[in-house]
Amino acid sequence: MACRGVRIRVATRNAHKLAEIAEILRPYGIQVEALGAEKVEVQDDDVANIARRAAEILCSQHGDCVVVEDTGLYIKSLGGFPGPYAEYAYRTVGLRGILRLLEGSRDREAAFRCAVAVCVGGSVHVFIGEARGWIAREPRGSAGFGYDPVFVPEGESRTYAELGGLVKNRVSHRARAFTALAKFLLESCKCGERTT
Ligand code: ITT
């Protein structure tokens, strides 16, 4: 049995994120719209819990097929900082501040962790995508957003911002999490209609 017309509504104030999600889900025929309501900011050390709780709150107000995504950046030599506080760190110390914290550090290992929560039939399902890599010595490239100019994914020498959206959207933390979501949505067909 096939499924068509799958549509999700994403709660984010980040237009770059929304564009990436639409691009990642395009091959699956899944339509992406902005919910028009902000993600509720929940405090937790785990992005999966943040996404789950925010989805529970938003779904109780806006119904099924609402999606919330939360992403953290974990830098190994900083004990996982900024982790789920990546947005706060970006807004306050910025890329320069993060690079300063890593000055003289040979261990530049880092990972993005992306949690995507969707509610269907009153239950919340969470999907995780991770991308390992390292933090560059200086910002490089102009594509993307946020930490893209300093994050080099495993197996590459260029940053996400140098690689550009086509490559990033194939290998990123977000691509992995949303691909898992796409498979779930098409199999369960909760946000679309079944065709025989
Ligand atoms: P919403 O919460 O409204 O979705 P946001 O930009 O605050 O938007 P996050 O809390 O998930 O999203 O992101 C935390 C920080 O990590 C924030 O500064 C983002 O710019 C950055 N970030 C998220 N995904 C990223 C990516 O794919 N590449 C680079 N930086 C990213």
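Whatever order the structure lists ligands and atoms in, that order sets their numbers, starting from 1. Just so you know, these numbers come straight off a predicted model, no measurement behind them.
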ask   = Does Tyr90, backbone or side chain, put an N or O under 3.5 Å from an N or O of ligand 1?
value = no
### Message
With respect to Tyr160, determine whether any N or O atom, backbone or side chain, lies less than 3.5 Å from an N or O atom of ligand 1.
### Response
no
Exactly one of Val66, Val67, Ile8, Val68 clears side-chain contact (heavy atoms from CB on, under 4.5 Å) with Leu35, and that residue is Val66
Judged by heavy atoms only, the candidate from Tyr85, Phe145, Tyr88, Tyr147 nearest atom 25 (C) of ligand 1 is Phe145
Closest to atom 5 (P) of ligand 1 by heavy-atom distance, out of Leu95, Val150, Val10, Asn14, is Asn14
So the atoms of ligand 1 within less than 4.0 Å of a heavy atom of Ala86 turn out to be 14 (C), 15 (C), 16 (O), 18 (O)
Note: Phe151, heavy atoms under 4.0 Å from ligand 1, region reported as neither
The answer for which part of Arg91 has a heavy atom under 4.0 Å from ligand 1 is neither
*Using a 4.5 Å cut-off on heavy atoms from C-beta on, say whether the side chain of Leu25 contacts that of Ile21.*
yes
Logged contact type for Glu87 with ligand 1, heavy-atom cut-off 4.0 Å, is both
Check: of Lys168, Lys17, Glu38, Glu69, min heavy-atom distance to atom 27 (O) of ligand 1 comes from Lys168
Ligand 1 atoms nearer than 4.0 angstrom to some heavy atom of Glu41 are 2 (O)
Please evaluate residues Cys3 and Cys189 with respect to the criterion disulfide (SG to SG under 2.5 Å), reporting the C-alpha separation (whole Å), side-chain torsions for both, the decisive distance (0.1 Å), and the verdict. CA-CA 6 Å; Cys3 178; Cys189 200; 2.0 Å; yes
